[in-house]
Amino acid sequence: MRRTALNSPKPSRTTILSLSRITPGYNPRRYFDRRKHEELVASMRRRDVLQPILVRPKGDSEDIFEIVAGGRRYRAALEAFGPEGEVPVVIREMTDQEALEAAIDENDVREDASETEQADAAVRVLAACHDDRAEAAARLGWSKAKLDRRLALANLSETVKVALDERRIKVGHAELLAAVPGDKQDKALETILGSGLDVAKTRDLLMRVTQDLASACFDKTECMTCPFNSAAQRALFETHIDEGHCTNAGCFELKTQTAEMIRFEEEECAERAARASAPPASDDADDDREDDSIDGIMADPREPSIHQTEAATENGANVRAASPSARNTSSPAATTKAGVSAQSIAARTADLREAVWRTALARTLAGNPALAQSAILVAAMSGTLPQIKTDTLKARAALLVSATFPGLEYRAQIAEIRALSDEQAANVLSAIGAAYAKDATSFGHVADLARAFHVDLRTVWRVDQPFLEHYSKDELKFIARECGLVAHMGEKGFAKLLGSKKPDIIVGMLNRIGFDWAGRLPSCMTLDGQYGPPLGETACQDDTAIEKLAA
């Protein structure tokens, strides 16, 4: 079906105009075959112009007319008759959109129309339709699949487009090159033309230089909708490389290096925390207390322990000092035995907590350039940006910018930075933000950024064996009660487990059937000293609170 813009009757008239009164309008055609042009010029000199040129009034002028369709005839007539020559025209009042569609339509139905000409025209129509692809396809009279294919070809470099227009490469070549970043297409074209590669060999060559997404060590969520994912090309073109490959080697490398940087920093922080939070020198004291009664071991943390009560009595102190009304109520769970509390465990966990939160914030900023930019601006305006160690970024400049960047003069480095693509610049910002999270002197600043950016440690960290090995049996009991394991096992069940050697206790805590540690954040690892329950459990608690209020 042809488009309404061309089928609808429009007021028009046929007349003769001087070529001097005609100006070129939008022409989707990019390439004009010289031989055919010369043939058309010769034909006009013999037979004059046989088919009128479609024009419309230009602006408010009554004397100048703009070409809508017939650009090749106009060019040939100028050469055949000069600017004072006259040609037949059809004058029609048309809007910009109608003129655009008519120009595209005339070239679309020609046998020698170029796919890139249609691609450029499709971009213009889509912009006029405010990025509504369904509307653009309808106006063009194309299927949505054809529109998507032409828009994909619009991403070809100008050099590749000209090569396709001139038929020096085939459409299959162009479809393969459309999956390659623009700054790499010209080099690939040189290889294709210089080696005389056919479409099949070009495909094989590209397969060898793409990256297998299955082996990627970074989060591939963004890759699912990326135009450089070969899956996107497979959905568009008949000619494509195998699914599951990335054709943007630069982006793949940057993401890989960023992921590796985060992994390295995680390991470095974990080692530092492990050294700082060495386990107690001996568990002899715990073993000496293993003959305590079950009731004493499993005493409610809100009640004074046997040892507390005895000590208070021997000293003549008021036992009420150890009662619930006199305890420190700032922690989510109070003392289980003398010296074991949320605060005491948190004090011994400080280095680990800081290392884990710095890593979590670094990962968040490394994956979100907008948040990284905010962090960098705050750091710069507060005067803390220089706290980033010089070597932290300097050592990675070759990966983030270019291999030659570190050895360039400062002036050349400016040019390199200005030449970065938006994607590369975003990666650099992310790397700077991650470096600040790692190197900022004050952990308070790290904590404030983590709160502001809603970093949730529950989604990236969980209780594990190395964590539990830091603590004594009493501290393990505190953590188990706080995180709900005691309630899950029952008081007597957990007391029986606590009678084992510490390694067996830890194994038993981590592998309890029906209990999942995921999302449970002990108070000693939180920023506010409050236990963080799993997200689903939090929602249930909120629902219960709402129900109580409603009642």
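The minimum heavy-atom distance between Thr526 and Gly532, with the atom names listed, is CG2-N, 4.2 Å. The two residues Arg451 and Asp448 come nearest to each other via the heavy atoms NH1-OD1, 3.1 Å. Across all non-hydrogen atoms, the minimal contact from Ile376 to Gly433 is CD1-N, 4.0 Å. Nearest heavy-atom pair, Leu408 versus Thr404, reported as atom, atom and distance to 0.1 Å: CG-O, 3.2 Å. Between Leu365 and Ala372 the shortest heavy-atom distance is O-CB, 3.7 Å. The nearest pair of heavy atoms linking Glu475 to His470 is OE1-O, 4.5 Å.
Using bins of under 30°, 30° to 60° and over 60° for the plane-to-plane angle, the ring pair Trp461/Phe467 lands in the perpendicular bin.
Distance alone, capped at 3.5 Å, is enough to place a donor-acceptor pair between the Ser421 side chain and the Gln424 backbone. Of the possible polar contacts, none joining the His173 side chain to the Val160 backbone as a donor-acceptor pair under 3.5 Å is found. At least one donor-acceptor pair under 3.5 Å links the side chain of Glu482 to the backbone N or O of Ser523. With hydrogens and angles ignored, the 3.5 Å screen pairs no side-chain donor or acceptor of Trp357 with any backbone N or O of Val455. Of the possible donor and acceptor atoms, none in the side chain of Lys389 sits under 3.5 Å from a partner among the backbone N and O of Ala435. Listed for the Asn511 side chain is a donor-acceptor partner under 3.5 Å among the backbone atoms of Val507. No donor-acceptor pair closer than 3.5 Å links the side chain of Arg520 to the backbone N or O of Pro534. Between the side chain of Gln413 and the main chain of Phe405, a donor-acceptor pair closer than 3.5 Å is present. Between the side chain of Lys502 and the main chain of Tyr471, a donor-acceptor pair closer than 3.5 Å is present. A distance-only check finds no donor-acceptor pair linking the side chain of Thr349 to the backbone of Arg353 [under 3.5 Å].
For the atom pair CZ (Arg358) and NZ (Lys438), the distance works out to 9.0 Å, reported to the nearest 0.5 Å. Remark: Asp474 CG to Ile479 CD1 distance equals 11.5 Å, nearest 0.5 Å. To the nearest 0.5 Å, atom CD1 of residue Ile432 and atom CG of residue Leu385 are 7.5 Å apart. Note that the CG atom of Leu147 and the OG atom of Ser143 stand 8.0 Å from one another [nearest 0.5 Å]. In this structure, the separation between CD1 on Ile505 and NZ on Lys473 is 4.5 Å, given to the nearest 0.5 Å. In this structure, CD in Gln185 is found 11.0 Å from CG in Leu176, a value given to the nearest 0.5 Å.
Contact annotation: the side chain of Thr441 never approaches that of Thr384 to less than 4.5 Å [non-hydrogen atoms, C-beta and beyond]. When side chains are defined from C-beta on, Leu468 counts as touching Val463, because their heavy atoms get closer than 4.5 Å. Using a 4.5 Å cut-off on side-chain heavy atoms (C-beta onward), Leu485 and Cys483 make no contact. Looking at heavy atoms from C-beta onward, Val428 lies out of side-chain contact with Ile417 at the 4.5 angstrom threshold. Using a 4.5 Å heavy-atom cutoff, the side chains of Phe494 and Met509 are in contact. Taking the side chain as every heavy atom from C-beta outward, Pro503 and Gln465 never approach each other to under 4.5 Å.
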Set out, in order, the CA-CA distance, both residues' side-chain angles and the distance that settles side-chain contact (heavy atoms from CB on, under 4.5 Å) for Arg481 and Glu491, then state yes or no. CA-CA 9 Å; Arg481 185 181 296 282; Glu491 298 286 345; 3.3 Å; yes
Checking side-chain contact (heavy atoms from CB on, under 4.5 Å) for the pair Thr364/His454: CA distance, chi angles, key distance, verdict? CA-CA 10 Å; Thr364 297; His454 305 293; over 6 Å; no
Test side-chain contact (heavy atoms from CB on, under 4.5 Å) on Val401 and Leu420 and set out the steps. CA-CA 7 Å; Val401 183; Leu420 288 177; 4.1 Å; yes
Is there a side-chain contact (heavy atoms from CB on, under 4.5 Å) between Leu361 and Phe453 once you walk through the steps? CA-CA 9 Å; Leu361 178 62; Phe453 298 151; 4.1 Å; yes
For Glu175 and Arg203, what are the C-alpha separation, side-chain angles and deciding distance, and is it a salt bridge (charged side-chain N to carboxylate O under 4.0 Å, His left out)? CA-CA 10 Å; Glu175 290 176 346; Arg203 179 186 176 280; over 6 Å; no
